[in-house]
Amino acid sequence: MFQSLYQPPRDCGLDLVYCDESLLVANKPAGLLSVPGRGMDKSDSMATRVQREFPHALSVHRLDMGTSGLLLFALNADMHQRLSRLFRERAVKKLYLAIVAGRVTASAGEIDLPLSADWPHRPRQKVDLAGGKPSLSRYSLLQHINRPVGTDKLRGEADLATSHVGLEPVTGRTHQLRVHMAAIGHPVVGDRLYGEQSSTGRLLLHASEIHFIHPYSQIMLSLTSAVPF
C-alpha cells in the first residue's frame, strides 16, 4: 500500500471562481483532500474548508489530493441531486492541463483502456482488459518542453523532455487520467504513484475548465482556472 504523511497546504481562504445561492465552484490547491479521509489527521479537506463558510455545501465530485483546480459544490440537497445526475449523464465537461514525461508525438488521441482497482497496491488503479470498467480519455498536445532535471541543473546535464497536454476524461474513473497517460508511456510529471520520479514538488495536473448547464437558470456555465505551474 502506498502511504505518505498528509501535510495539507496552509488555509489562505477560499478562492471562489463562481458562487450563487445554489452552487459554487472553488479552486482546490494541490496537496489538499477533496473530502475528509479516515482519521483525525486527515480531517482537513476542501469540503470542510468550504463548509466553514457555507455550512450546507455538499460535494458533487472529487479531485485527487495532488491535483489542483476547479471543484463544484451544491448548496442544497435538490441541487446536489441535479448536479449528480448531470455527472452520471456525462453532461459536465471537464478539461485538465498537465505536464507529462516524454515527447508526445501525436497531436491528439484517445485512450480507451478499462480500469480497475489494484487491490494489493492500493490506492493504485490499473489497466484491466479482462474485468475493468470502460474508461475513455482524450488528449491533445499543446507544446513540447525541456525542463531542467532538479533545481540545480549542472552545465552539460541533459534536459528532461516533457510535453504540455490538454486532457479530457470522458468517463470518470479513479485516477483515470493518471493511469491512462502512464499506460501510453507518458506519466504525469510528479506522479510517483505511477512511476514518474522527477524532483518536482507536486503532481503537475490541474483541473482548468468545467462546463455545464446550470440546473436552475438553464444558462451554460463555462468556468476556467489558470494553471499554477
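For the numbers below, each heavy atom of this structure counts, side chains included, while hydrogens, waters and symmetry mates do not. These numbers come from a predicted model, not from an experiment.
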- Task: Could you tell me which non-hydrogen atom of Pro36 sits nearest to which non-hydrogen atom of Ala47, and how far apart they are?
- Result: CD-CB, 4.5 Å

- Donor-acceptor side-chain pairing of Glu209 and Ser225 below 3.5 angstrom: no

- Item | Side-chain heavy atoms of Pro215 within contact of Met79, under 4.5 Å | yes

- Item | Leu115 reachable from Leu177 in the ILVMFWY side-chain graph, under 4.5 Å edges | yes

- Is there a chain of hydrophobic side chains (I, L, V, M, F, W, Y, each step under 4.5 Å between heavy atoms) that links Leu63 to Leu33? yes

- Message: Can a donor-acceptor pair be found, under 3.5 Å and without considering hydrogens, that links the side chain of Ser217 to the backbone of Ile219?
- Response: yes

- Step-by-step side-chain hydrogen bond (donor to acceptor under 3.5 Å, both in side chains) determination, Arg62 to Thr174: CA-CA 9 Å; Arg62 301 181 186 185; Thr174 300; over 6 Å; no

- Item | Shared hydrophobic cluster, Leu129 / Val179 (ILVMFWY, side-chain heavy atoms < 4.5 Å) | yes

- Under 3.5 Å donor-acceptor, His206 side chain and Pro228 backbone: no

- Query: Does the side chain of His175 come under 3.5 Å of the side chain of Tyr194 through a donor N or O and an acceptor N or O?
  - Reply: yes

- Query: Would you say Val189 and Leu97 are hydrophobically clustered, going by side-chain heavy atoms of ILVMFWY under 4.5 Å?
  - Reply: yes

- If you draw a 6.0 Å radius around CE in Met40, do more than 12 non-hydrogen atoms from other residues or ligands fall strictly inside? no

- Task: Start with the C-alpha distance between Arg85 and Gln81, add both sets of side-chain angles, then the distance that settles side chain to side chain contact (heavy atoms under 4.5 Å, CB included), and finish with yes or no.
- Result: CA-CA 6 Å; Arg85 184 183 303 119; Gln81 184 179 44; 4.1 Å; yes

- Message: Minimum heavy-atom separation for Ser163 and Leu141, please, with both atom names.
- Response: CB-CD1, 3.9 Å

With a cut-off of 3.5 Å and sequence neighbours excluded, list every side-chain donor-acceptor pair involving residues 102-112.
| unit_1 | atom_1 | unit_2 | atom_2 | d |
| --- | --- | --- | --- | --- |
| Arg103 | NH2 | His144 | ND1 | 3.0 |
| Glu110 | OE2 | Arg138 | NE | 2.9 |

- Should the pair Arg82-Asp78 be classified as a salt bridge under the 4.0 Å nitrogen-to-oxygen rule? yes

- Closest non-hydrogen atom pair, Lys126 against Ala117: CE-O, 3.8 Å

- Message: To the nearest 0.5 Å, what is the distance between SG on Cys12 and CZ on Arg49?
- Response: 8.0 Å

- Flag the pair Leu72 / Leu83 as yes when at least one side-chain heavy-atom distance between them is below 4.5 Å, and no otherwise. yes

- Residues pairing under ring-ring contact (aromatic ring centres under 6.0 Å, His included) where one sits in residues 49-69, two or more places apart or in two chains, turn out to be His61-Phe87

- Hey, is the main chain of Thr67 close enough, under 3.5 Å, to the side chain of Asp64 for a donor-acceptor pair? no

- Can you name the nearest heavy-atom pair linking His180 to Ser135, along with the distance? CE1-O, 3.4 Å

- Single-linkage hydrophobic cluster, 4.5 Å side-chain cutoff, Val127 and Val100 together: yes

- Do the side chains of Tyr139 and Glu168 get nearer than 4.5 Å, heavy atoms only? no

- Going by heavy atoms in the side chains, are Asp44 and Leu32 under 4.5 Å from each other? yes

- Query: Does Arg52 pair with Asp11 as a salt bridge, N-O distance under 4.0 Å?
  - Reply: yes

- Does the side chain of Lys133 come within less than 4.5 Å of Pro114's, by heavy atoms? no

- Message: Using the rule given for side chain to side chain contact (heavy atoms under 4.5 Å, CB included), can you reason through Val25 versus Leu71, listing the C-alpha separation, both sets of side-chain angles and the distance that settles it, and then say yes or no?
- Response: CA-CA 5 Å; Val25 177; Leu71 202 56; over 6 Å; no

- Note on the structure: Closest heavy-atom pair, Ser59 versus Phe73, reported as atoms and distance to 0.1 Å, is OG-CE2, 3.4 Å

- CZ-CD distance between Arg178 and Glu196, expressed to the nearest 0.5 angstrom: 11.5 Å

- Decide whether Gln176 and Thr171 meet the rule of one side-chain donor and one side-chain acceptor closer than 3.5 Å. yes

- Item | Sequence neighbours excluded, every pair satisfying side chain to side chain donor-acceptor pair (under 3.5 Å) that has a member inside residues 87-100 | none

- Query: Quick one: does Leu205's side chain get under 4.5 Å of Phe229's, heavy atoms only?
  - Reply: no

- Note on the structure: When rounded to the nearest 0.5 Å, the distance separating CG of Leu223 from CG of Asn27 is 10.0 Å

- Task: Test Leu86 against Ser84 for side chain to side chain contact (heavy atoms under 4.5 Å, CB included), laying out the working first.
- Result: CA-CA 5 Å; Leu86 291 183; Ser84 297; over 6 Å; no

- Task: In sequence, state the C-alpha distance, the side-chain angles, and the governing distance for His211 and Val92, and then conclude on side chain to side chain contact (heavy atoms under 4.5 Å, CB included).
- Result: CA-CA 6 Å; His211 307 268; Val92 178; over 6 Å; no

- Flag side-chain contact, heavy atom, 4.5 Å: Ser34 against Met65: no

- Please tell me if the side chains of Leu167 and Met181 come closer than 4.5 Å, counting only heavy atoms from C-beta onward. yes

- Task: Of all the heavy-atom pairs spanning Leu70 and Ser208, show the shortest one and how long it is.
- Result: CD1-O, 3.6 Å

- Distance, nearest 0.5 Å, that separates CE of Met220 from CZ of Phe212: 9.5 Å

- Query: Taking atom CD1 of Ile145 and atom NE2 of His164, what is their separation to the nearest 0.5 Å?
  - Reply: 6.0 Å

- Item | Separation of Arg173 CZ from Ser116 OG (nearest 0.5 Å) | 11.0 Å

